[in-house]
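Working notes, beginning with the structure itself.
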Amino acid sequence: MTRTPGLHGGCPHILGKGVTVRRIVTWYKRGLTAEEICDRIGHLTLAEVYVALTYYHANTQELETYLLHQAAEVKRLEAWHSNFGKYEMLR
């Protein structure tokens with residue numbers, strides 16, 4: 001795992017693969033096994049998926065906080081776009 005300032009918002013990712021721990025954890029939390037995640041993200045090895053999941057379990061609080069902030073930002077943007085659309089219809 002590595003973090004690169006300016007890449008993926010500084011989120012931990014698999015070096016040289018462009019896949020964030022967040023992406024792997026999202027699939028994992030949806031019930032996919034490491035093997036299924038590896039099938040979905042074909043350029044990852046099973047070992048890399050397990051390293052990402054190990055990183056997640058070792059840093060759960062940090063990553064869960066990040067995921068909560070991401071979800072809140074999505075809701076904020078959805079609300080903004082929804083309200084913007086209503087404003088545009090009134091014009």
Side-chain angles (χ1 to χ4, degrees):
M1 288 305 101
T2 189
R3 290 175 189 259
T4 306
L7 182 63
H8 303 298
C11 186
H13 60 276
I14 298 172
L15 184 63
K17 299 291 179 115
V19 178
T20 62
V21 172
R22 175 185 65 224
R23 182 173 175 198
I24 292 169
V25 168
T26 299
W27 288 115
Y28 175 72
K29 290 176 115 185
R30 290 182 181 172
L32 273 68
T33 65
E35 291 81 4
E36 292 168 325
I37 294 168
C38 198
D39 288 342
R40 296 231 178 167
I41 310 172
H43 62 284
L44 293 184
T45 66
L46 189 55
E48 289 169 327
V49 172
Y50 277 118
V51 167
L53 292 174
T54 300
Y55 183 90
Y56 166 70
H57 288 294
N59 300 281
T60 303
Q61 185 64 43
E62 172 194 350
L63 290 167
E64 286 298 324
T65 299
Y66 181 79
L67 291 171
L68 285 172
H69 287 344
Q70 288 289 94
E73 181 65 5
V74 167
K75 285 184 180 182
R76 186 188 71 76
L77 290 172
E78 286 174 344
W80 183 84
H81 283 286
S82 176
N83 289 332
F84 183 76
K86 290 175 187 173
Y87 170 76
E88 285 297 309
M89 286 192 287
L90 295 174
R91 289 173 99 200

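If you're wondering where the values come from, they're calculated on a predicted model, not measured in any experiment.
- Residues passing the side-chain hydrogen bond (donor to acceptor under 3.5 Å, both in side chains) test with K75: none are found, sequence neighbours excluded.
- In this structure, the side chain of K17 does not engage the main chain of L44 through any donor-acceptor pair within 3.5 Å.
- Qualifying side-chain hydrogen bond (donor to acceptor under 3.5 Å, both in side chains) partners for E73, counting only residues two or more places apart in sequence or in other chains: R76.
- In E35, the CD atom is crowded: over 12 heavy atoms of neighbouring residues, nucleotides or ligands sit closer than 6.0 Å.
- Between the CD1 atom of I24 and the CD1 atom of I14 there is a distance of 3.5 Å, given to the nearest 0.5 Å.
- Scanning all heavy atoms of the two residues, the minimum distance from E36 to T33 falls at OE1-N, 2.8 Å.
- More than 12 heavy atoms of other residues, nucleotides or ligands sit less than 6.0 Å from atom OH of Y56.
- Rounded to the nearest 0.5 Å, atoms OH (Y55) and CD (E62) are 4.5 Å apart.
- A distance of 11.0 Å separates CG in L68 from CG in L63, rounded to the nearest 0.5 Å.
- Every side-chain hydrogen bond (donor to acceptor under 3.5 Å, both in side chains) that T45 has, sequence neighbours left out, goes to E48.
- W27 places none of its side-chain heavy atoms less than 4.5 Å from the side chain of V49.
- Looking at every heavy atom in both residues, I37 comes nearest to Y28 through CD1-N, 3.8 Å.
- Of the charged side-chain nitrogens involved, at least one lies within less than 4.0 Å of a carboxylate oxygen, so that E64 and K29 count as a salt-bridged pair.
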